[in-house]
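Atoms considered below: every heavy atom in the structure, side chains included; atoms not considered: hydrogens, waters and symmetry mates.
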Amino acid sequence: MTLMTIGDFARAAGLTPKALRLYDDLGLLCPAEVDPHSGYRRYAPAQLERARLVATLRILGMPLLRIKNVVNGSNAAAAREIEAYWRQIEADTATRRGIVTTLVHQLRNEAHEMTTATRTLHSEHGSSHRQGRRDAQQDALLVTTGLIAVADGFGDRDDVAAAALAAFAESGLAGAISEIAADVSAALPELPASGTTLTAVAFTGGTAQVTHIGDGRVWLVRDGEVRQVTHDHTVVAALIEAGELTADEARAHEHRNLLNRALAPGVVADEIVLDLHEGDRLVLTTDGVHSHIDDLGRLLTLDGTPQEVADAVATAVAEAGEPDNHTIVVVDLGRAA
């Protein structure tokens, strides 16, 4: 029997070697052979089905110890275990929804009026927008004095992202997502097979209003520290934040880009308000950037103009093979002239 190296097996299973070592330690997926001298693991091709099942169950958020009951039982027993797990998830979610409703109501009743800063900061922009190794460019970007935005389209059509940004810019911004989703859908008859993310920042005085749907990202660089402002609307991101999936497991998983929110009628966008400081740097990226650079934080804190930083990030993506469309917008904020 021809065995596979841990690297080849990981790629075939949609996992990483680190995840496979974790599953071995827990007895979920033991290698077919371990070299007694080097400790190097080798796997049988017949183990791929079990590996993919473990990876899928992790995407569902199932704890590793509970996965043992699934993979070690019969198919019928596994099906019953998965159904029981998901019924509990649905019950827990319904309970949490009630808690959220009560908490939000309480906080809104206790909220004090916020004072909006009236100072205006000067902004300097830089951007990069490349097709990468894809057959078509489905990313879109918008850069103006008062509004920057990126969108990442998917599906058969290549014009959805650009159409969404154009409609968003024309909408007057307030409540724009709920207004434009239906309009974009009506204007693009094939939209059910296509779609887009949308991440935008509108500047008003000394504040930034972030509107976000999907897996684009907004980053805030302040005093040399980088903070991700937005949360990815993907299945794996939610599981990572809940501590139910490791970042290493998610990095190579075949469903790592599975969105749970995109521009569609009825979608609710995340709305975030940022108070800006002189010297802040705001960065927008599509997932073709942040999915392929491990040291993005170092690049975003580089000294240089916004265009120099955008070019440095684009170069890093190209060196990583640029498998996807990739867009970055960098905005440096300083004292108004």
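With no hydrogens or angles considered, no side-chain donor-acceptor pair links Thr286 and Asp152 at under 3.5 Å.
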* To do: Just do the side chain to side chain contact (heavy atoms under 4.5 Å, CB included) check on Asn72 and Arg50 with the steps written out, would you?
  => CA-CA 10 Å; Asn72 290 333; Arg50 183 183 178 106; 2.9 Å; yes
* **Full working for side chain to side chain contact (heavy atoms under 4.5 Å, CB included) between Val150 and Thr285** => CA-CA 7 Å; Val150 297; Thr285 57; over 6 Å; no
* To do: Would you check, one step at a time, whether the test side chain to side chain contact (heavy atoms under 4.5 Å, CB included) holds for Val317 with Arg130?
  => CA-CA 10 Å; Val317 177; Arg130 301 190 184 182; over 6 Å; no
* Are Trp86 and Ile89 close enough, and set up right, to give a side chain to side chain contact (heavy atoms under 4.5 Å, CB included), and what steps lead you there? -> CA-CA 5 Å; Trp86 197 249; Ile89 291 295; 3.9 Å; yes
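In this structure a side-chain-to-backbone donor-acceptor pair under 3.5 Å is present from Gln307 to Ser127. The backbone N or O of Asp135 lies less than 3.5 Å from a partner atom in the side chain of Gln131, making a donor-acceptor pair. Judged by distance alone, the side chain of Arg58 and the main-chain N or O of Met62 form a donor-acceptor pair under 3.5 Å. With Thr230 contributing its side chain and Val218 its backbone, the two residues share a donor-acceptor pair below 3.5 Å. No donor-acceptor pair under 3.5 Å is formed between the side chain of Gln88 and the backbone N or O of Ala91. Tyr40 contributes no side-chain N or O that, together with a main-chain N or O of Thr5, makes up a donor-acceptor pair within less than 3.5 Å. Proximity of a side-chain donor or acceptor of Ser291 to a complementary backbone N or O of Gly288 within less than 3.5 Å is not detected. Proximity of a side-chain donor or acceptor of Arg217 to a complementary backbone N or O of Gln228 within less than 3.5 Å is not detected. Side chain of Gln138 to backbone of Val160: no donor-acceptor contact under 3.5 angstrom is found.
More than 12 heavy atoms of other residues, nucleotides or ligands shown are found within 6.0 angstrom of CG on Asp295. In Glu225, the CD atom is not crowded: 12 or fewer heavy atoms of neighbouring residues, nucleotides or ligands sit closer than 6.0 Å. Around the CG atom of Asp25, the shell of radius 6.0 Å holds more than 12 heavy atoms that belong to other residues, nucleotides or ligands. Taking a 6.0 Å sphere around CG of Asp35, one finds it holds more than 12 heavy atoms contributed by other residues, nucleotides or ligands. Enclosure of atom CD in Glu49 is not indicated, since only 12 or fewer non-hydrogen atoms of other residues, nucleotides or ligands lie within 6.0 angstrom. Atom CZ of Arg66 is surrounded by more than 12 heavy atoms from other residues, nucleotides or ligands within 6.0 Å.
The minimum heavy-atom distance between Phe154 and Thr196, with the atom names listed, is CE2-N, 3.3 Å. Closest heavy-atom contact between Ala149 and Leu165: CB-CD2, 3.7 Å. For Ile67 against Leu28, the heavy-atom pair with the smallest separation is CG2-CD2, 3.9 Å. Heavy atoms only, all atoms of each residue included: Ala200 and Phe168 are closest at CB-CE2, 3.5 Å. For Leu302 against Ala312, the heavy-atom pair with the smallest separation is CD1-CB, 3.9 Å. When every heavy atom of Gly216 is checked against every heavy atom of Asp232, the shortest pair comes out as O-OD1, 4.1 Å.
Within the structure, ring pair (Phe, Tyr, Trp, His ring centres under 6.0 Å) pairs that include any residue of residues 199-227 comprise His212-His233 (at least two apart or interchain).
Separation of atoms CG (Leu48) and CG (Leu29) is listed at 9.0 Å; rounding is to 0.5 Å. Within the model, atoms CD of Glu322 and NE2 of His292 stand 10.0 Å from one another, a figure rounded to the nearest 0.5 Å. Rounding to the nearest 0.5 Å places CG of Asp215 at 10.0 Å from CG of Asn260. Here the CG atom belonging to Asp287 is positioned 8.0 Å from the CG atom belonging to Leu259, to the nearest 0.5 angstrom. Distance CG/Leu121 to OG1/Thr207: 9.5 Å, rounded to 0.5 Å. In this structure, CD1 in Ile148 is found 4.5 Å from CG in Leu284, a value given to the nearest 0.5 Å.
Residues Val313 and Ser128 fail the side-chain proximity criterion, which asks for heavy atoms closer than 4.5 Å. Residues Thr327 and Asn325 have side chains not in contact (no heavy-atom distance under 4.5 Å, counting atoms from C-beta outward). Side-chain contact between Val331 and Val283 is absent, with no heavy-atom pair separated by less than 4.5 Å.
A salt bridge between Arg11 and Asp8 is present, with a side-chain N of the basic residue lying under 4.0 Å from a carboxylate O of the acidic one.
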